[in-house]
Amino acid sequence: MNETTNTVIQEHLPFFITAPGETDLLFTAVNISLVLVLIGFGALYFTIQAIPDRLAEGSSKTQMQIVGILGLVSLFTMNNALWVAGLLLAAVRIPDFVTPFKSIARSLKKLSMQSQPQVHEILAIEAEVPDPAPIVEETGTAQERDND
């Protein structure tokens, strides 16, 4: 009697209910789709997380490092304010103040290297010219000089 009721009930069961011992296709499909959705959201999250780094690629090295650190810290702390700060810092181009100073220093070094031979020549010429009034050392004490 049990077997006849089971066959009658099995005819009216929906497709997602399986008989004992058979593979549950719906469960398998949901598991596969869940894994794919999680991988997709993870890839999307990391893509969004990398936006400030991509924006800062053409900027100075210091700015790129600061933006990268802000992005990394915001990733680990789940603090969105740090990510927004990194995004704003990446969007704004910081003027480069160091390069002109390096250029000035390089030019001054070139000028000093060019003028050094001239300085040595001038010093050599001055060493050859005798002094017009040679210094004569006086001997004696101050009282002897006063008596003369």
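Please read all numbers here as calculations on a predicted model, not as lab measurements. Heads up: numbering here begins at 1 and tracks the sequence.
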Can you list, pair by pair, the side-chain donor-acceptor contacts under 3.5 Å of residues 41-54, counting residues two or more places apart and other chains?
residue : atom : partner : partner atom : Å
Thr47   : OG1  : Ala43   : O            : 2.6
Gln49   : NE2  : Gly71   : O            : 2.9
Gln49   : NE2  : Ser74   : OG           : 2.9

Can you tell me how far [atom2] of [Y] sits from [atom1] of [X], rounded to the nearest 0.5 angstrom?
X      : Y      : atom1 : atom2 : value
Glu22  : Asp24  : CD    : CG    : 10.0 Å
Lys110 : Ser112 : NZ    : OG    : 11.5 Å
Leu87  : Leu82  : CG    : CG    : 12.5 Å

Using the rule that Ile, Leu, Val, Met, Phe, Trp and Tyr join whenever any side-chain heavy atoms are under 4.5 Å apart, tell me whether Val73 and Val84 fall into a single cluster.
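Shared cluster, no.
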
With the 4.5 Å side-chain cut-off for hydrophobic clustering, are Leu88 and Trp83 part of the same group?
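Shared cluster, yes.
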
Under 3.5 Å, which donor-acceptor pairs do the side chains of residues 62-69 form with other protein atoms, sequence neighbours left out?
residue : atom : partner : partner atom : Å
Gln63   : NE2  : Leu89   : O            : 2.5
Gln63   : NE2  : Val92   : O            : 2.7

Set of side chain to side chain contact (heavy atoms under 4.5 Å, CB included) partners for Thr99, sequence neighbours left out:
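Thr99: side chain to side chain contact (heavy atoms under 4.5 Å, CB included) contacts with Asp96.
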
